[in-house]
Amino acid sequence: MMRAERLRITGGTVYDPANGVASVVGDVCIEDGKVVTELPTGAPRLDASGMIVMPGGVDIHSHIAGSSVNHGRQLQPEEHAVDPVPAPRLDDPDGEGGQPTRSGTGGTIPSTFTTGYRYAGLGYTTAMEAAVAPLFARHAHAELDDTPIIDAGLFALLGNDEYLFRQIAAGEGARARDYAAWVLRAAGAYAIKVVNPGGVELWKRGAPPRNVTGLDDPVGSTAVTPRRILETLTNAGNELGLPHPVHIHCNALGQPGNAATTLETMQTLAGRRAHFTHLQFHSYGGGRDKGWQSGAKDVIEYVNAHPEVSVDVGQVMFGPATTLTADAPVGYLLHASSGRKWVNVDVELETGCGIVPYVYKEKAAVAALQWAVGLELFLLATDPWRVVLSTDHPNGGSFLSYPELIRLLMDRAYRDEQIKRVNAKLLKGSALADGLAREYTLNEIAIITRAGPARLLGLTEKGHLGPGADADVTIYAQGGDAATMFATPRYVLKGGTLVVEEGQLRRAPAGRRLAVRPEYDDAVLPDLKRYFDQYASVSFENYPCAGSV
Amino acid sequence: MSAEQVVEHVTCLGCGCACDDIAPLVRQNRIVEARNACPLGRAWFGDGTVPQEARVGAHTVSLEAALTHAATILTQARRPLVYLAAELSCETQRAAVGIADRLRAVLDSATSEIAAAVLAAQRRGRVAATLGELRQRADLVVFWGVDPAERYPRYTSRYAVAPGGLQAPIRTVVAVDVGGHRGPGDADARVIISADVEVDALGVMRAIARGHALPDVPALRPAVELARRMMQARYVALVHDAEPDGTPADPDRAEGLIALAQALNGPTRCALSTLRAGGNRSGADAVVTWQTGFPCAVDFGRGYPSYRPHDGAAALVARREIDATLVIGLPGSVPESVARGLASVATVAIGPFASAAAFEPAVAVDTGVAGIHEGGMAFRMDDVPLPLRPSVAGPPAAAVVVGELATRLVSP
Amino acid sequence: MSDQVVLTLRAPLAHRLEADAIVPDRFPALGARAIAALPVWYSGRPAALGDFFTVTGERSERVLVQGDLAWAVGLGAGMVGGELVIEGAAGRDAGAAMAGGVIEIRGTAGDNAGGALPGASRGMTGGEIVIRGTAGVDTGARMRRGLIAVTGDAGQGTGRGMIAGTVVIFGAAGSGTGRWIKRGSIVSFGALVRPASFRYACTYRPPHIRLLLRYLATRHSLPVTESQIAGRYHRYSGDLAELGKGEILEWAGA
C-alpha cells in the first residue's frame, strides 16, 4: 500500500474535536489526499480497531529552518556527534513515496531531513517556522525544501523593522499595512511576527539602554514605542484579513515581574485578535529586586476572559535546549550570566538574533519555576481552543519532548511525582505547588496539539477529519502511558500517503509550503525602492523570493 | 532577441562581497562589459565564454557516456571523496551533499583549510552583523591585519566605511598592521602589532574589556590603547580576513578575535566582520550544515555524518586513503593541499573548466558558472542569501548535471 | 577473569582506526570473544576489534594495548574508570572527555589527549593521564577536573581554556600553554612562554604541589626530584582575558 488513492481507516476511536467528534468509533475515508464522506465498499482498508485516530499534529511555533537555526546548528557539533541518524530504510525508496532518504544528525537542532522525519514520526504533519528575518527568507525556504513530509510556513519578523518604524513615526498606518503585506509576499511568509517590539532596535543602536523597559519607551522617535508598534502590526494583520493574527513575543522575555508587561500588552490590544507566543517565558511575578515567582495565574485568567486572545505555552522541559531568538538582548544576558557560548547577529534594518545553548536542570530553582509556570498555564486555562501546546522548540526543549509534556498534562499522579523531584525554592504559593487536580482528556490533547492550532492559524484543511480536510491522520495504539503512546504512533498519513507504518517511517514525500498573498496598494513601492537604495545592502529587486511579489 | 542587452541586478561572486548591482552588457552571448563591477568582478565575469565538453580521459564523449562512466568509478570506490569546490549555487551544493550521503563518502570543502577558525567559533560562538548593519551603526571600524582593497575591493565603498547609514555616524577607521598584514593605507589611525604577539595582544585587549588590570608590556601598549578606544565607541566593527594569504596564522588567532569581539559587548557593542572569498564558499558551509549538522569535513562512512575537522580531505588524500574523488565546482579553486594528491586518484570533475583541470580527471564534465550561466541562490560573506541571475547561455547547468549523476548512483 | 586484558596490534595501521570502544570500564563485563567483537571503524568502514588486535585475557578493568597506535583515535575517550596502559604511541583524542580512571601512555601522545571534542565545553572531567613521552597539541584543553602529567615536551595550546584541574609538564611547554584558562593549574619544569594576560603573583613553596609531586612519584613512579618537591615556584595568575582564577606555576629551583 503506497499512496492510496483511496483508503478506509476502519474501527478506530476517532477524536476530531473540530467536528464535535470525541471518542467515537467510526471510519475515516480518504480519497486523493483528502478526507471524504464515503468510499465504495471495495476500497482498501486500514484496520485501526482499538486504536486512537486523530488529525495530524500542527505545531504553531517552532524553530526549524533558516539562518538563525542554521547558526545554532553549526554552533553545536557536540550535540550532533552523539545523536547520529542513519538514513531511514523505506520500503520503496525510489517509488512514489518520494526521494531516497537521507542520513543526518539530531540533538536540539536536527539537520533538515532528520527534522522532517522526526516530526512525522511524532505524528506531526504541519509546523510553522516562527521567526524569519525577511532578508533571510530565501535561506529558510531552501531549508524547508530539504525538510521532508511536513507542510510548513514561516513567520516574518516585523517588530523591529526600520521602514515600519518610519511609517509609524509619520502616522502612515495604511502604508505600514501595505508594507507588511508586501513583506509577507516578498518573504513567502504566512504570518506577521513581532519579537520584543523596539527592544531589538535599541540593542542594535549600541548605546544604553540597550533594550526597552516599558511599552512607552521611545525607540528613536518618541512617536515609535512598543505600544505603537504592537498596535500598528496587530491592526495591519487584522485589516489584511490574514488567516493567523499577529504573532507576538512580548517585551521583557525571561525577566522576573514580566507578567505585568504581558498583561499590559494584552490590555493594549484588547478587543483585537492577537496570538501571544511562548507565554510561559512572559508570565513571571516578582521583580528585579523581589526575585522570581509565578505570575501564571494572573496572565491565564486574562486569557480565559478574553476570547480574542490566543496563546501557545512554550513549556520548559528538563534537559538540553538551545535558546535561539530574534530577541538578541536576551541572548547577551544569557551568555553573560551562564558563560556559555554565544552567537549574535545584527540583521540590517530588520531584527537581531541571539543563540545560547542551555540546559534546564530540575535542581535549578529558576528552571523549576519556568517548568511550573508552563504547567500552570495549561492547567488553569479554561478554553483549550486558545491555548496551544508548544515548547518553543528548541528554546524550552525539543519537540521530541511533546509526548512527555502530554503525560504531565494527562496524568496527575505522574505530575505530582515529578513536582517532588524539582527544586521547590521558588514554587512557594504557586498554583502548581498548591495542587492542581486537572487532567487533560484525550479530546483536549487533540485540541491543543492539532484542532486548536489549525483553527488559530486559519488552516481550514488542517487539524480536522471532516470532508475536504487534508488527509493528515495520526493513529496511536493504546496501552502504556500517554508519553509512550504519543511518542510512537502506529500509523501516520500525510496528504493520504502512509508515511509511518507499524511505527516505522515508510515514505517521505516532500511537504508543501504554506504562505499568504495579501493585497496591497503598490503606491508604496516607489518610496520603498528609494529607501532600499538609500539604506539596504541588497537591491530592492533582489529582495523578494522568486515569484513571491 | 536584440543584439545587445543589459542584465540588471546581477550578483557577482568574484569575492564574498557578492555585490548585487552588477549590470553586464551582453552582445551575442558574450559579456562585453560588467558594469559597476570592480576589477576583481570584471575578471570573474570575463566575457562569459567557458569550455563545453564532456570527456573520459582524453576523449570527448557524450554527457550521457561521461556520467555513466563517472557513476561506475564512484560506485566501485571503497573510500570515495566528494569535494565541494567554488562557483556552485546552493542548489548544486545540496544535490552534491546528497551524492556524498548515498556513496557513504567523505565530504569536504575549502572550509577545512580554516578548520581551526571553524572550531574556534564552535567553542565560543561569534558576534556578527550583516554588512548593511555595519553601515547603519558602526562609528569605529577596525581593520585587523587586512586591507580589503585587494581581495574585497568594494567592501569599504558599499558597506563598512563610505556609505552613510541610519545613525549616520562620523566613522573613524583604524588600521591595525599585524606583521606583514597591513590595514588600509588611508585609515584615520594606525596601530602596529608584531605578528608574534598578535594572540597575546588580543588576550590583553580582552582583559581590559573585562576590566582586569595587567602589568605594562611595552610591545602591547598600542593594543591596550586600541582596546580603550574601542570601549569608548558606540558600535565597533572589527574586520578580519578569514582566509589570509601567506604563512598559516596562529590557530588561536580566530578564537582571540571572536572572544575579544564578544567581550566588547559588555562595555559597548561590537560585531566581528569576517571577510571571505567568493564563489559561494559561505553557501557550502550553510548547506553542509543544514543537511548534516556540521559545516565541513564530514565522513558519511558510518552511514551517517561524522565530523572530522582534524582529518579532512587534504589529510586523507595525502595518505592515499581515498580511492576515487568527485570534485564539483571550479577545479582551479581546489586548494593545493588537496589538488596535489588528486593526480594519483581516479577523479570525476564536474564544474566550470573541468576539462581543463590540472589534475587530469578520469572523467570531466564542463558546466556553467553559477551566477554567470546559471541561476539559483548564493550566500554573501555575511550569510545573506542572494539570487543569482544568469547573463549568458552556457554549458549544461551544474545543478542539472549533478542531479543526473545522482540518479545513476545505486545505494551501496 | 584475568589480571588484565592485553590487546596486541597484529599489523601496522595505515589508516585511521576509531578505537573509542577501548574503554576499560566496559571490559569487566566482557569475555574475550565479546572484546574481539567490539566495534571499531577503520578507514571509515565498520570492523571488529579482533580484526586488528589479538586479545589475551578477559573480564578485567585493566587493559594493556601494545603496538604503534598513532593512528588509533579516541583510546579511552569518555572512560569513567579502570586503567588503560598503552605501550606505544597513541593517536589523537586519547582520554578525551574522560570522567575517571587512569590512562598511561608509554610513548608519544597524539593531539587533544584529555581534551574536549569539537564544540564541547568540557574536556576531561576526572581521572588521570600520564604521558611518558611527548604530548601533542591541545593536551588537556578545556579540562574540568583531573590530572595530566607529561614527562616530555607538551604541544601548542596545552591546557588551553581549562576550567579546572592540573597539568604538569616536565619538558618544554608549547606556545599558548595555559591560554584562556578560567581556573586550574599548569605546573611547569621546562621552558614555558606565558600568555601576556597572566600576572605575576608571588614566589613560594606551594604545599599542594608538594602533595601532587609525591603522589606522582609513588603512584606513577615518575622521576620527581626532592628539589622539585620542596622547591620554590613563581606563581602567575590568569588568564585575565577570562576569569583570572587559574595559575601557571614555574619551578624556580630549590
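Here is the naming used below: chain letters follow the sequence lines, and residue numbers restart at 1 for every chain.
Contacts with chain B were tallied for C/Gly238, C/Pro195, C/Ser175, C/Gly244; C/Pro195 has the most, counting heavy-atom pairs under 4.5 Å. For the set B/Met205, B/Arg79, B/Arg302, the count of heavy-atom pairs under 4.5 angstrom toward chain C peaks at B/Arg302.
To the nearest 0.5 Å, atoms CG (B/Asp311) and CH2 (C/Trp71) are separated by 6.0 Å. With rounding to the nearest 0.5 angstrom, the NE2 atom of C/His15 is 7.5 Å from the CZ atom of B/Arg319. For the atom pair OG (C/Ser43) and CD1 (B/Ile322), the distance works out to 7.5 Å, reported to the nearest 0.5 Å. A distance of 10.0 Å separates CG of C/Asp239 from NE2 of B/His212, quoted to the nearest 0.5 Å. Within the model, atoms CG of C/Leu240 and CZ of B/Arg206 stand 10.5 Å from one another, a figure rounded to the nearest 0.5 Å.
The two atoms that bring B/Gly301 and C/Trp41 nearest to each other are O-CZ3, 4.4 Å, heavy atoms only. Residues C/Arg45 and B/Arg78 share a closest heavy-atom pair of NH2-O, 2.8 Å. The heavy-atom pair separating B/Gly203 from C/Ala241 by the smallest distance is O-CB, 3.4 Å. Nearest heavy-atom pair, B/Asp252 versus C/Arg160, reported as atom, atom and distance to 0.1 Å: OD1-NE, 3.1 Å. Heavy atoms only, all atoms of each residue included: B/Asp200 and C/Arg194 are closest at OD2-O, 4.5 Å. Here the shortest heavy-atom pairing between C/Ala196 and B/Leu214 reads O-CD2, 3.9 Å.
Residues that satisfy the ring pair (Phe, Tyr, Trp, His ring centres under 6.0 Å) test with C/Tyr200, not counting sequence neighbours, are C/Tyr236. The side-chain contact (heavy atoms from CB on, under 4.5 Å) test applied to C/Ala252 returns C/Arg232, C/His234, not counting sequence neighbours.
When the shell of 6.0 Å around CZ of B/Arg320 is examined, it contains 12 or fewer heavy atoms from other residues, nucleotides or ligands.
At least one donor-acceptor pair closer than 3.5 Å links the side chain of C/Arg199 to the backbone N or O of B/Ala213.
Looking at C/Gln156, only its side chain comes within 4.5 Å of chain B, counting heavy atoms on both sides. Both the backbone and the side chain of B/Val199 come within contact range of chain C, judged by heavy atoms closer than 4.5 Å. For C/Ala116, no part lies near chain B; criterion is any non-hydrogen pair under 4.5 Å. Of the atoms belonging to C/Arg16, heavy atoms from both backbone and side chain fall under 4.5 Å from chain B.
The pair B/Glu255-C/Arg179 does not count as a salt bridge, with every side-chain nitrogen at least 4.0 angstrom from each carboxylate oxygen. Salt-bridge formation is detected for the pair C/Glu242/B/Arg124: a Lys NZ or Arg NE/NH1/NH2 atom is positioned less than 4.0 Å from an Asp or Glu carboxylate oxygen.
Side-chain atoms of C/Ser121 and B/Arg123 include no donor-acceptor pair closer than 3.5 Å.
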